[in-house]
Each structure stands twice: as C-alpha cells, then as structure tokens.
Amino acid sequence: MEKLQSLRGMVDLLPASTPLWQGVEASAREHFRRAGLAEIRTPVMEVTELFARGIGEATDVVGKEMYTFLDRGERRCTLRPEGTASVVRAALQHGLLSQGPQRLWYGGPMFRYERPQAGRQRQFHQIGVEFLGFADPRSDAEVIALAWDLLADLGVRGLALELNSLGSAEDRARYRQELVTFLEARRDQLDPDSQARLATNPLRILDSKDAGTQALLAGAPTLAAALGAESRERFQLVQESLTALGLPFQLNPRLVRGLDYYSHTAFEITSDQLGAQATVCGGGRYDSLVEQLGGAPTAAIGWALGMERLLVLLAQGDPAALPTAPAPDLYVVSRGERAEPLALVLARGLRQRGLSVELDLSASAFTKQFKRADRSGARWVAVIGEGEAESGVVLLRPLREGTGDPARELRLAVKDLDGLRLRLG
RNA sequence: GCGGGCGUAGCCAAGUGGUUAAGGCAGCGGAUUGUGAUUCCGCCAUUCGGGGGUUCAAUUCCCCUCGCUCGCCCCA
C-alpha cells in the first residue's frame with residue numbers, strides 16, 4: 001500500500017517546533033494588546049468573488065494561485081490566499097465600522113497553489129494587522145512600528161524597512177497611463193513577462209528582476225514624479241513620523257506590491273537571510289478596498305507577516321534564546337500492584353493543584369523509570385514502590401539542584417496533596 | 001507552469017550488476033525484579049520513494065512517475 005503523506009506544500013508542525021510557534025504568537029499577542037488591537041477570526045474559506053473583487057482579477061494570486069472549487073451546493077469557494085479581504089468582508093457584514101474605526105489583528109493559515117521553495121509553502125501562516133477607518137499619516141507609522149517592534153523584540157536582526165508611495169487612485173491611474181505610453185513605444189526591449197504585464201498590471205513591471213527591463217526603466221517616468229501635491233505631502237508626513245519614531249527606512253521607488261488594493265504607503269520588511277523570498281512582512285494602505293467591497297469609503301492600512309519566514313530568521317539566531325518544550329515539575333515513578341494506582345491518584349491530584357506532572361506508565365524496572373525521569377527534565381521525581389504504598393509515604397528526590405544529596409530528599413504522606421504542592425512549587 | 005540538484009530505517013549515513021544491505025544517533029528489552037552518569041549485551045530496512053524495462057541476476061544500468069529541495073514567476 002502506498003504511504004499516506006501530507007499534501008504537497010502542506011507541512012506538519014511537529015512537537016519540537018510548536019513551542020517556538022507558541023512563543024512567537026504569545027509575543028505578537030502581547031504587542032497587539034499594548035497597542036489596543038482586537039483579534040478577529042474569519043473562516044479559512046470564502047466565496048471566490050471576494051478575492052476576485054478585493055485582490056484584483058489581474059493579480060497572480062487570483063489568476064493562478066487560488067485553491068478554488070465548487071462545494072456540494074455548487075457554490076464557488078476559495079481557500080483564503082490572504083487575510084485582508086476576509087477581514088474587511090467580516091467588518092462590513094457585521095457593521096463593525098459603524099461602531100467607529102477598528103484596530104484588528106488576525107492569524108492563521110493561508111493557501112496559495114504555488115511551487116514550494118525556501119520560505120514558501122502552499123499552506124502557510126500569517127499574522128496580520130488591519131487598521132480600518134484611519135487616514136491620518138501617523139497611523140501609517142503606528143502600524144509599521146508595530147511590525148518593526150514585534151520583530152525587533154523577537155530578536156530578529158538584519159532587517160530593512162523599504163518604503164514607497166503609490167499615491168492616490170487617481171495618481172496611480174495617471175502614472176499607469178504615462179508608463180504604458182513610455183513602455184509601449186519600447187515594447188520589444190522588455191522581457192516577455194513584462195510584455196505580458198503591460199496589458200494586465202503595468203506597475204508590476206517596475207520591480208521586474210530582468211536587467212534589460214531595469215535598464216529601460218531608468219529612463220522611464222517615475223511614480224514619485226507622478227504623485228499629486230497632496231499625495232506627496234502625505235508621504236512626507238509618514239516619513240517624518242517614522243523618523244520621529246527612529247525607524248530606519250529606505251525609499252524604494254520600485255516597491256509596488258502585487259495586490260491591486262494598495263494605495264499611498266506601501267512597505268516591506270526584508271532580510272537578506274531568506275533566500276529568494278526576502279520579505280518577512282509586507283503591507284500598505286488600501287483606502288479603496290472597503291468601498292470596493294461594498295462599504296462606505298474608508299481609509300485603511302495593514303500588513304501581514306509570514307510566520308514560516310520569521311521562524312527561518314529566528315532559527316538563524318541564538319538557539320538558546322528560542323523557547324523549547326517545558327519540562328514537567330514532577331515525574332512520578334511507581335512499581336507494584338498497590339503502588340501504581342496510588343501514583344495515578346497522586347499525579348492527578350497534583351495536576352489539579354497546578355503542577356505539571358508526568359506519570360511513568362511503563363511498569364518497567366525502576367532503573368528504566370529513573371532514566372526517563374532524568375531525561376524528562378523534571379525538577380523532582382516522586383517514587384512510590386511497595387514500601388511507600390505500604391506506609392502511605394511518597395519519596396521526593398530532587399533531580400536537578402541538590403541531586404545526590406540525601407538531605408534534600410523529602411518523605412511526605414501521599415494523601416497530603418496540599419503539602420506536596422507546597423514543597424514542589 | 002518551467003529549469004537544476006536529490007530520494008538507502010524515526011534521524012544521519014556507507015555501499016556494490018551476484019549468497020544474509022555497513023556504521024552512528026534515537027528508541028525498545030536486558031545486565032541491575034528499590035533507584036537516574038558510564039559501560040556491556042540483545043532487538044530495531046524480506047529491503048534501498050513507487051512502477052516498468054534490460055539482465056541468468058538490479059538498491060546499483062535505462063525509462064516513466066511521485067516526493068523533497070533550490071531557483072524562475074509571484075508573494076508573507
């Protein structure tokens with residue numbers, strides 16, 4: 001029989017790595033708590049139209065990367081490829097925005113049908129932030145600082161913050177026209193990918209990696225020059241706020257980002273330690289999305305952070321700084337017909353009092369049980385053998401500090417759970 | 001979707017066209033039926049990702065396929 005395996009690009013997170021995930025999640029939660037964000041959880045599946053309309057038909061994500069299928073009711077469904085569209089949909093559906101601006105965060109799996117490679121899986125995980133109803137340039141800085149501080153707090157080094165402004169929808173449309181006019185005249189000098197994008201998504205040509213295309217772009221009209229006075233001033237204010245916060249950023253005029261809904265501020269936090277997929281966190285302003293999805297015009301900005309990519313960076317840092325699985329407070333060994341039930345009761349009683357207790361269920365020789373006790377990393381081992389069962393007294397021996405010192409061993413009544421709890425705490 | 005590299009046990013890994021596929025780690029059992037270092041002994045791949053072909057004979061050569069991996073595209 002063929003071995004059953006997980007689907008391509010869908011990876012298991014094994015016990016060895018879950019403490020690290022939990023550590024990152026806990027840290028993110030704490031940062032969000034301090035900044036007054038509320039968590040929102042949306043379904044991993046939505047009607048396809050949400051993404052088609054929200055992200056943009058011409059984008060690669062919608063065009064070729066979505067997991068889309070018909071359910072039993074013939075509805076066209078899609079596994080979410082990103083979080084923003086769902087969050088906006090949920091906010092509109094439940095009238096959240098009529099209660100005022102929303103500072104939200106979310107986390108969870110996203111799905112894109114792509115060829116897996118370093119830092120990219122088909123099911124991957126994002127933590128994201130969406131500020132709905134905030135137009136002030138300071139909100140851009142606040143949102144970006146949230147990502148930056150979280151990453152810094154996690155100990156990630158060597159990050160760069162890249163920043164650009166895509167201008168208003170009108171600026172973009174005007175620039176798009178200028179760019180297309182310029183490039184159409186030089187179409188044959190473009191690489192094939194860029195030629196195709198000329199019709200579908202011309203701004204994306206700006207961050208083409210093709211050397212010839214980049215050379216050509218050196219003489220092209222720039223996005224920065226196409227920004228209207230208002231957009232320019234706004235971008236200036238964002239930069240001033242970032243500077244006031246001490247965030248070092250680099251202007252990257254070629255930073256465009258693939259999703260249609262971005263406007264004004266666009267940013268990425270990148271690392272040169274990630275291989276081809278350098279972006280750990282990306283985001284920007286999307287002032288037109290809420291309206292596009294049927295709501296009132298609402299300014300908004302957010303970002304998403306790739307968990308897998310972040311973990312790659314953490315793994316490159318100091319291993320000792322990473323969270324590992326916690327050791328139990330106590331390991332209980334027992335042997336004998338009368339002892340074993342007592343050990344079971346003891347373990348449960350101490351757990352009910354808040355201790356973490358691992359119970360040896362092997363019924364093997366004490367030597368074996370002690371080896372396991374030692375390897376468990378527990379601070380104490382509790383021993384119940386025939387003698388202890390007879391007298392109703394459990395032997396507690398320290399396994400870490402004070403180990404080997406008979407004076408540090410304790411003997412307490414098995415039934416005195418509160419007393420045991422106190423000594424073991 | 002396209003290109004490169006790689007698939008021998010849970011992990012690392014040697015190996016050869018020819019009887020029983022090294023070794024290490026981990027695991028399990030025992031030496032030690034009341035005590036955790038170390039050490040010692042034993043067990044742990046009817047099989048070399050899967051299928052087909054060549055051959056007297058294939059893990060080894062050929063083809064296909066699947067998977068992993070790196071890159072392109074794109075994104076977190």
Side-chain angles (χ1 to χ4, degrees), chain A residues 1-11 14 16 55 58-65 81-84 107-129 147 151 191-194 196-197 201 204 207-210 255-259 267-271 274-284 302-313 331 333-336 339 360 362-378 380-390 395 397-400 403-404 406 409:
Chain A
M1 192 168 69
E2 203 156 314
K3 263 192 274 184
L4 292 173
Q5 293 190 61
S6 61
L7 250 15
R8 160 163 247 201
M10 313 236 165
V11 301
L14 300 177
I55 300 173
T59 61
D60 281 36
V61 169
V62 172
K64 57 182 197 187
E65 295 173 0
E82 57 106 50
T84 303
M110 306 294 164
F111 304 84
R112 290 184 200 173
Y113 194 91
E114 300 177 275
R115 194 76 177 265
Q117 70 185 72
R120 193 169 77 190
Q121 284 85 44
R122 288 182 172 180
Q123 175 176 335
F124 61 104
H125 298 79
Q126 290 186 336
I127 290 179
V129 157
L151 291 167
D191 62 282
D193 280 326
S194 295
R197 278 199 288 257
N201 205 345
R204 290 224 52 84
D207 64 358
S208 166
K209 284 176 193 161
D210 183 83
L255 175 59
V256 177
R257 306 194 52 73
L259 280 36
F267 70 95
E268 289 186 0
I269 299 175
T270 60
S271 165
L274 281 171
Q277 315 300 325
T279 304
V280 202
C281 176
W303 49 254
L305 180 153
M307 279 292 283
E308 284 81 359
R309 291 182 189 177
L310 171 57
L311 294 186
V312 166
L313 294 178
Y331 192 98
V333 307
S334 64
R335 192 157 167 78
D360 195 305
S362 70
S364 53
F366 268 115
T367 313
K368 291 287 178 196
Q369 298 198 44
F370 266 84
K371 279 184 186 173
R372 279 191 281 264
D374 192 38
R375 274 183 313 205
S376 77
W380 292 88
V381 60
V383 187
I384 306 182
E386 283 308 315
E388 284 81 6
E390 182 79 31
L395 166 64
R397 173 185 289 178
L399 289 173
R400 310 253 97 74
T403 184
E409 296 185 357

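Below, chains carry the letters A, B, ... as their sequence lines are ordered, and counting in each starts from 1.
The OG1 atom of A:T270 sits 9.5 Å away from atom CG of A:L255, with the distance rounded to the nearest 0.5 Å. Atoms CD and CD, from A:E308 and A:Q126 in turn, are 9.0 Å apart once rounded to the nearest 0.5 Å.
Nucleic acid contact for A:E268: none, since no nucleic acid atom lies under 4.0 Å from a heavy atom of the residue. If you check every strand for non-hydrogen atoms under 4.0 Å, A:L395 touches a base. As judged by a 4.0 angstrom heavy-atom cut-off over every strand, A:G282 is placed among residues touching the sugar-phosphate backbone only. At a threshold of 4.0 angstrom between heavy atoms, the contacts of A:G387 include nucleobase atoms, whether or not backbone atoms are also involved. Within the 4.0 angstrom heavy-atom criterion, base atoms lie near A:G119. If you check every strand for non-hydrogen atoms under 4.0 Å, A:V383 touches a base. Contact annotation for A:A373: no contact, since no heavy-atom pair falls under 4.0 Å across all strands. Nucleic acid contact class of A:L399 (heavy atoms, under 4.0 Å, all strands): base.
Residues A:D191 and A:S208 form a side-chain contact, since some pair of their non-hydrogen atoms from C-beta on lies under 4.5 Å apart.
What separates CE of A:M10 from C1' of B:rC68 is a distance of 16 Å, to the nearest Å. Summarising the geometry, the separation between CD on A:Q369 and P on B:rG34 is reported as 11 Å, rounded to the nearest angstrom. The interatomic distance linking A:E114 (CD) with B:rC72 (C1') rounds to 12 Å, in whole Å. As a whole-Å value, the separation of A:Q121 CD from B:rC70 C1' is 13 Å. One can place CD of A:Q5 at 6 Å from C1' of B:rG67, the figure rounded to the nearest angstrom. Remark: C1' of B:rU35 and CZ of A:F370 are 4 Å apart, rounded to the nearest angstrom. In this structure, the CD atom of A:E308 is 16 Å from the C1' atom of B:rU69, given to the nearest Å. Rounded to a whole Å, the CZ atom of A:R400 is 9 Å from the C1' atom of B:rG36.
Contacts of A:R204 classified as side-chain contact (heavy atoms from CB on, under 4.5 Å), with partners at least two apart in sequence or in another chain: A:R197, A:N201, A:D207. Remark: A:E390 engages A:R338 in a side-chain contact (heavy atoms from CB on, under 4.5 Å) (not counting sequence neighbours). Residues satisfying the salt bridge (Lys or Arg N to Asp or Glu O under 4.0 Å) test with A:E409, not counting sequence neighbours, are A:R397. Residues satisfying the salt bridge (Lys or Arg N to Asp or Glu O under 4.0 Å) test with A:D374, not counting sequence neighbours, are A:R400. The salt bridge (Lys or Arg N to Asp or Glu O under 4.0 Å) test applied to A:E65 returns no partner, not counting sequence neighbours. Residues satisfying the salt bridge (Lys or Arg N to Asp or Glu O under 4.0 Å) test with A:D60, not counting sequence neighbours, are A:K64. For A:I127, the side-chain contact (heavy atoms from CB on, under 4.5 Å) criterion is met by A:A28, A:F32, A:M307, not counting sequence neighbours.
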Measure all distances between protein nitrogen or oxygen atoms and nitrogen or oxygen atoms of nucleotides 3-5 of chain B, and list the pairs falling under 3.5 Å.
residue : atom : partner : partner atom : Å
B:rG3   : O6   : A:R115  : NH2          : 3.3

Could you list, one pair per line, each protein nitrogen or oxygen that sits under 3.5 Å from a nitrogen or oxygen of nucleotides 25-30 of chain B, together with the distance?
residue : atom : partner : partner atom : Å
B:rG27  : OP1  : A:R375  : NH1          : 2.9

Pairs: protein N or O with nucleotides 41-43 of chain B N or O, under 3.5 Å:
none

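Here the side chain of A:R309 pairs a donor or acceptor atom with the backbone of A:G119 at under 3.5 angstrom. A:R335 places a side-chain N or O within donor-acceptor distance of the main-chain N or O of A:S364, the cut-off being under 3.5 Å.
Comparing A:R397 and A:Y113 by the nucleotide of RNA chain B whose heavy atom lies nearest to each, the residue mapping closer to the 5' end is A:Y113. In terms of position along RNA chain B, the nucleotide closest to A:S6 lies nearer the 5' end than the nucleotide closest to the other residue of the pair A:S6 and A:C281.
Taking all atoms of both residues into account, the shortest heavy-atom contact from A:P81 to A:V61 is CB-CG1, 3.6 Å.
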When Watson-Crick pairs (N1 to N3 and N6-O4 or O6-N4) and G-U wobble pairs (N1-O2 and O6-N3) count only below 3.5 Å on both distances, what is the dot-bracket string of RNA chain B, with | for other-strand pairs?
(((((((..(((.....[....))).(((((.......))))).....(((((..]....))))))))))))....

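Atom name C1', nucleotides B:rU20 and B:rG4: the rounded distance is 39 Å, in whole Å. Comparing B:rC12 with B:rG29, their C1' atoms sit 24 Å apart, to the nearest whole Å. Using C1' as the reference atom, B:rG18 and B:rG27 are 34 Å apart when rounded to the nearest Å. Nucleotides B:rG52 and B:rC70 have their C1' atoms positioned 29 Å apart, rounded to a whole Å. Atom name P, nucleotides B:rU59 and B:rA21: the rounded distance is 11 Å, in whole Å. Of the P atoms belonging to B:rA22 and B:rG67, the separation is 31 Å, rounded to the nearest Å. Here the separation of B:rC40 from B:rA26, taken at their P atoms, is 13 Å to the nearest Å. Only the C1' atoms considered, B:rG23 is 24 Å distant from B:rG17, to the nearest whole Å.
Here the nucleotide nearest the side chain of A:E388, chosen from B:rA76, B:rU35, B:rC68, is B:rU35. The side chain of A:F366 lies closest to B:rG34, out of B:rG71, B:rG34, B:rA76. Closest approach to the A:R257 side chain among B:rA76, B:rG71, B:rU35 is made by B:rA76 (side chain taken as heavy atoms from C-beta onward). Listed candidates were B:rC73, B:rG71, B:rA76. Nearest to the side chain of A:K64 is B:rC73. The side chain of A:R8 sits closest to B:rG67 out of B:rG34, B:rG67, B:rU35.
Not a single donor-acceptor contact under 3.5 angstrom links the side-chain atoms of A:R335 to the base of B:rU33.
Applying the 4.0 Å criterion to OP1 and OP2 of B:rG71, one finds that A:Q117 has a side-chain N or O inside that range.
Annotation: salt bridge (charged side-chain N to carboxylate O under 4.0 Å, His left out) contacts involving residues 362-373 of chain A, sequence neighbours excluded, comprise A:D360-A:R372.
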I'd like to know whether A:L305 forms a side-chain contact (heavy atoms from CB on, under 4.5 Å) with A:L151, so could you lay out the CA-CA distance, the side-chain angles of the two residues, the decisive distance to 0.1 Å, and finally the verdict.
CA-CA 10 Å; A:L305 180 153; A:L151 291 167; 3.9 Å; yes

Could you check A:Q121 against A:M110 for side-chain contact (heavy atoms from CB on, under 4.5 Å), going step by step and ending with a plain yes or no?
CA-CA 10 Å; A:Q121 284 85 44; A:M110 306 294 164; over 6 Å; no

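The cationic group of A:R122 does not satisfy the cation-pi geometry with A:F111, failing either the under 6.0 Å distance to the six-membered ring centre or the 45° limit from the ring axis.
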